[in-house]
Amino acid sequence: MNRRFSRVESGVDLKDYFDRGDIASRENRWNFEVAWEVANKVGGIYTVIRSKAYVSTEEMGEQLCMMGPYKEVCARTEMEEMEFPRGNPLLDAVNSLRSRGYKIHTGRWLVDGNPQLILFDIGSAAWKLDQFKSEMWEKCHIGIPHLDIETNDAIILGFMIAEFLEEFRNFAVTYSQNHDLNPPRVVAHFHEWQAGVALIVLRTRQVEIATVFTTHATLLGRYLCAGNTDFYNNMDKFAVDEEAGKRQIYHRYCLERGATHLAHVFTTVSEITGYEAEHLLKRKPDIITPNGLNVKKFSAIHEFQNMHAVAKEKINEFVRGHFYGHMDFDLDKTLYFFIAGRYEFGNKGADIFIEALARVNAMLKHERPDTTVVAFLIFPTKTNNFNVDSLRGHAVIKQLRDTINNVQQAVGKRMFDTCVKGRLPEVGDLLEKDDMVKIKRCMYAMQRESMPPVTTHNVADDWNDPVLASIRRCHLFNSVNDRVKMVFHPEFLNSSNPLFGIDYEEFVRGCHLGVFPSYYEPWGYTPAECTVMGIPSVTTNLSGFGCFMQEHISDPKSYGIYIVDRRYIGLEDSIQQLSSFMMDFSRLNRRQRIIQRNRTERLSDLLDWRTLGIYYRQARVKALQAVYPDYVDELSLYGSRSNLVFSRPHSEPPSPTSSRHTTPAPSVHGSEDEDSVDEETELKELGIK
């Protein structure tokens with residue numbers, strides 16, 4: 001039976017609420033989203049807020065407003081400044097705060113959806129910092145050190161936003177009474193501890209606003225994992241106040257914990273982060289709100305495969321230049337693996353990735369000597385400029401290509417002239433001695449005695465660099481006999497890069513496998529980005545993404561999602577499992593890899609904000625019902641999160657996880673579709689029973 005996997009069939013879909021705020025306007029319901037990263041690119045939460053902006057505005061329209069700090073460097077390119085319409089309660093609240101001496105910028109965010117923005121200039125309220133700190137101490141007994149600039153800024157921003165929301169609600173009540181509308185229902189969603197200050201102020205001042213607080217990663221969790229502790233096995237044993245005090249973040253921890261407990265609804269981005277919050281912040285999340293992406297669907301299934309081929313050829317160009325003089329391997333039998341992210345060597349799993357690569361290298365030498373793996377490590381760190389040898393290699397390859405193109409044009413002209421004269425050209429007529437000399441010069445220039453470098457840059461303090469130290473320990477030096485070649489690129493990719501010349505998204509599309517064996521990863525956008533682009537990936541059961549996939553897919557491996565166990569088995573067993581996964585992938589032939597990419601891309605709907613955005617709506621509704629008991633929403637008819645069921649493919653055999661949400665459902669289209677696939681045949685091709 002031929003079936004085609006299509007859109008996720010779930011009980012509730014956010015698209016059902018896409019009315020540009022029509023229902024919210026009739027209900028007089030207002031939504032505010034507050035984060036330090038609104039129109040301010042400083043971390044991963046920026047990606048969450050930015051990518052979610054489109055579905056949020058499609059759902060709530062002009063009833064949605066996003067708020068954050070005004071950072072001029074970012075705002076110049078991220079924000080289009082404009083005033084709110086006259087008579088709008090938003091404008092009245094803004095003008096009220098401006099009359100107090102606060103500088104406030106309003107307008108629209110220049111991203112998909114163009115949501116309304118209010119950005120607060122922290123410097124304009126710095127003169128009230130002592131007053132704000134005094135109130136925080138009197139009402140919460142949280143003291144803020146004078147020299148902690150980041151927390152001082154968070155305090156100022158929090159009080160400015162709290163005062164704005166308080167004023168807005170007062171003006172909204174007056175506006176509603178004057179225009180014979182329902183009483184206003186206001187909900188504010190705060191992301192992370194910096195925004196949580198405003199939540200604390202609103203609750204201690206007893207402002208009638210529904211609040212939602214989301215932690216994307218706990219403060220203390222990050223610090224504990226960075227300190228090489230056995231984090232997950234000792235979660236319930238940590239003396240949290242003492243641990244926070246040792247790391248001089250006790251005041252920040254108190255702010256985060258205070259916001260967690262004062263919020264009407266508390267959410268985290270994954271089950272694993274919820275478990276962490278339960279022990280470190282002492283509150284179990286009410287709802288899990290997974291992070292999504294804006295998924296761009298293609299009209300035909302082969303389109304993203306073509307994009308993979310084009311991007312891979314650009315990576316091939318880099319490999320030819322980097323490994324010039326040692327191109328003893330066939331690029332058609334070469335696989336590109338990569339790891340990328342913040343330079344947290346242990347947390348991101350770079351340590352076990354390199355160790356597993358050393359074992360894959362030994363296995364490939366013995367089992368598949370004609371297969372080569374090029375492993376890219378993309379971690380930004382301090383450098384002293386590009387590696388001269390790497391730059392020289394690309395120059396040599398460019399010279400060879402230009403010479404061959406010139407000779408090719410000359411040979412074509414001679415061939416044409418000879419044929420015009422009515423005779424068939426001979427080899428001697430086409431390739432002249434001067435051409436051979438030029439080609440030989442280029443080839444001799446490609447010779448080198450040294451091995452290809454393992455890094456594209458001169459890394460500062462390279463002897464103590466953890467990646468380079470690990471590569472040395474595992475003896476992965478790009479020698480002729482090595483079947484695993486290493487490339488450490490210590491800066492993020494962009495199209496202006498003189499070595500790659502492609503941006504990160506195109507690089508991901510050109511690779512064969514993303515490897516992210518993280519020890520601490522509250523969600524994991526890197527493997528999620530791989531999935532929506534149809535690139536198989538390795539993740540772990542300690543990442544939010546890995547747990548999400550385990551919960552929603554009965555057999556993740558058959559869809560190109562390899563999940564390493566880093567929670568219930570020892571480190572050595574985890575490394576063995578990772579090396580086994582990479583070796584299994586290396587054994588796949590080209591047809592099997594194409595099939596697997598197709599299957600991986602079908603999971604993209606699971607990660608679409610149109611699917612996952614419903615959890616954020618559910619959190620807001622729950623908060624509204626806590627403050628306004630008479631509020632009723634259609635979503636409540638569907639029950640809890642567990643009712644969002646992803647149907648099992650008809651061709652998928654039963655499995656022990658049949659009670660969980662499973663893989664995307666096949667569409668009703670028949671086998672006449674261009675994209676039609678036979679699920680059972682695919683599994684047979686991949687060798688999966």
Side-chain angles (χ1 to χ4, degrees), residues 37 41-48 50-51 192 216-218 221-223 225-226 228 231 269-270 272-273 290-293 336-357 374-383 455-457 459 465-471 486-494 497 500 502-533 535-549 561-564 566 574 578 582 607:
E37 287 82 356
K41 190 174 183 179
V42 293
I45 301 169
Y46 171 86
T47 305
V48 179
R50 179 188 170 117
S51 62
E192 288 294 291
H216 297 257
T218 67
R222 282 200 183 279
Y223 277 86
C225 280
N228 295 319
F231 183 60
V269 297
S270 63
I272 194 72
T273 312
N291 292 332
L293 290 161
Y336 297 139
F337 296 177
F338 81 99
I339 184 174
R342 291 187 305 275
Y343 199 4
E344 297 176 8
F345 184 68
N347 282 354
K348 293 298 181 184
D351 50 352
I352 73 167
F353 178 48
I354 296 171
E355 178 64 37
L357 284 171
V374 178
F376 295 94
L377 296 94
I378 316 290
F379 292 121
T381 188
K382 291 182 179 179
T383 64
T455 178
T456 58
H457 292 62
V459 177
D465 183 84
V467 164
L468 294 179
S470 189
I471 289 173
M486 305 295 292
V487 179
F488 176 31
H489 188 68
E491 67 175 27
F492 285 131
L493 293 172
N494 56 65
N497 189 302
F500 285 90
I502 57 177
D503 58 21
Y504 176 73
E505 181 179 336
E506 196 172 7
F507 172 79
V508 172
R509 283 196 184 277
C511 288
H512 296 94
L513 181 70
V515 186
F516 313 103
S518 305
Y519 182 73
Y520 185 78
E521 192 71 78
W523 174 245
Y525 256 121
T526 39
E529 287 167 339
C530 286
T531 302
V532 301
M533 287 189 267
I535 304 301
S537 62
V538 178
T539 183
T540 72
N541 58 356
L542 290 181
S543 76
F545 173 81
C547 294
F548 181 81
M549 284 300 178
I561 308 294
Y562 300 85
I563 300 176
V564 176
R566 295 205 64 181
S574 296
L578 175 58
M582 291 194 291
L607 301 169

*asked:* Set out, in order, the CA-CA distance, both residues' side-chain angles and the distance that settles side-chain contact (heavy atoms from CB on, under 4.5 Å) for Val459 and Thr381, then state yes or no.
replied: CA-CA 8 Å; Val459 177; Thr381 188; 4.2 Å; yes
*ring pair (Phe, Tyr, Trp, His ring centres under 6.0 Å) between Phe376 and Phe488: does it pass, once the steps are laid out?*
CA-CA 6 Å; Phe376 295 94; Phe488 176 31; over 10 Å; no
*asked:* Is there a side-chain contact (heavy atoms from CB on, under 4.5 Å) between Ile354 and Ile471? Walk through the geometry before answering.
replied: CA-CA 7 Å; Ile354 296 171; Ile471 289 173; 4.2 Å; yes
*asked:* Between Arg566 and Asn541, is the side-chain contact (heavy atoms from CB on, under 4.5 Å) condition met? List the steps.
replied: CA-CA 6 Å; Arg566 295 205 64 181; Asn541 58 356; 4.2 Å; yes
*Evaluate ring pair (Phe, Tyr, Trp, His ring centres under 6.0 Å) for Phe516 paired with Phe545, printing each intermediate quantity in order.*
CA-CA 11 Å; Phe516 313 103; Phe545 173 81; 8.8 Å; no
*asked:* Before you tell me yes or no, could you show the steps for His216 and Asn291 under side-chain contact (heavy atoms from CB on, under 4.5 Å), namely the whole-Å CA-CA distance, both residues' side-chain angles and the distance that decides it to 0.1 Å?
replied: CA-CA 9 Å; His216 297 257; Asn291 292 332; 4.1 Å; yes
*Might you work through the ring pair (Phe, Tyr, Trp, His ring centres under 6.0 Å) test for His489 and Phe379, ending with a clear yes or no?*
CA-CA 7 Å; His489 188 68; Phe379 292 121; over 10 Å; no
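Atom SG of Cys547 and atom CH2 of Trp523 lie 9.5 Å apart (nearest 0.5 Å). Rounded to the nearest 0.5 Å, atoms CG (Leu578) and CD (Glu355) are 10.0 Å apart. Remark: Leu293 CG to Met533 CE distance equals 8.5 Å, nearest 0.5 Å.
Listed for the Thr540 side chain is a donor-acceptor partner under 3.5 Å among the backbone atoms of Leu542. A distance-only check finds no donor-acceptor pair linking the side chain of Thr273 to the backbone of Val269 [under 3.5 Å]. The backbone N or O of Phe231 sits less than 3.5 Å from a side-chain atom of Tyr519, completing a donor-acceptor pair. When atom types are taken as modelled, the side chain of His512 and the backbone of Tyr336 share a donor-acceptor pair closer than 3.5 angstrom. Listed for the Glu521 side chain is no donor-acceptor partner under 3.5 Å among the backbone atoms of Lys348.
Between Tyr504 and Thr526 the shortest side-chain heavy-atom distance falls below 4.5 Å. Leu513 is not listed as a side-chain neighbour of Phe338, based on a closest heavy-atom distance of 4.5 Å or more. Counting only heavy atoms from C-beta outward, the side chains of Glu192 and Ile45 approach each other to under 4.5 Å. Proximity of Leu357 to Met582: side-chain heavy atoms (C-beta onward) are separated by under 4.5 Å at one or more points. Contact of the Ser470 side chain with the Asp351 side chain is not registered, since no non-hydrogen atoms from C-beta on lie closer than 4.5 Å. Two residues are said to be in side-chain contact when any heavy atoms from C-beta on lie closer than 4.5 Å; Glu529 and Val508 fail this criterion. When side chains are defined from C-beta on, Asn497 counts as touching Glu491, because their heavy atoms get closer than 4.5 Å. Contact check for Val538 versus Val564: side-chain heavy atoms found under the 4.5 Å cut-off.
In terms of the ring-ring contact (aromatic ring centres under 6.0 Å, His included) criterion, Phe345 has no residue partners (sequence neighbours excluded). Remark: Asn494 engages Ser496 in a side chain to side chain donor-acceptor pair (under 3.5 Å) (not counting sequence neighbours). By the side chain to side chain donor-acceptor pair (under 3.5 Å) test, Tyr46 pairs with Arg50, Glu78, sequence neighbours left out.
Side-chain contact of Ser543 with Thr539: a donor-acceptor pair under 3.5 Å is present, judged by distance alone. Checking Asp465 against Tyr343 by side-chain atom types alone, a donor-acceptor pair falls below 3.5 Å.
Between Gly514 and Cys530, the shortest heavy-atom contact is CA-SG, 4.3 Å. Looking at every heavy atom in both residues, Gly341 comes nearest to Pro380 through O-CD, 3.3 Å. Residues Pro490 and Thr455 come closest through the heavy atom pair CD-OG1, 4.0 Å.
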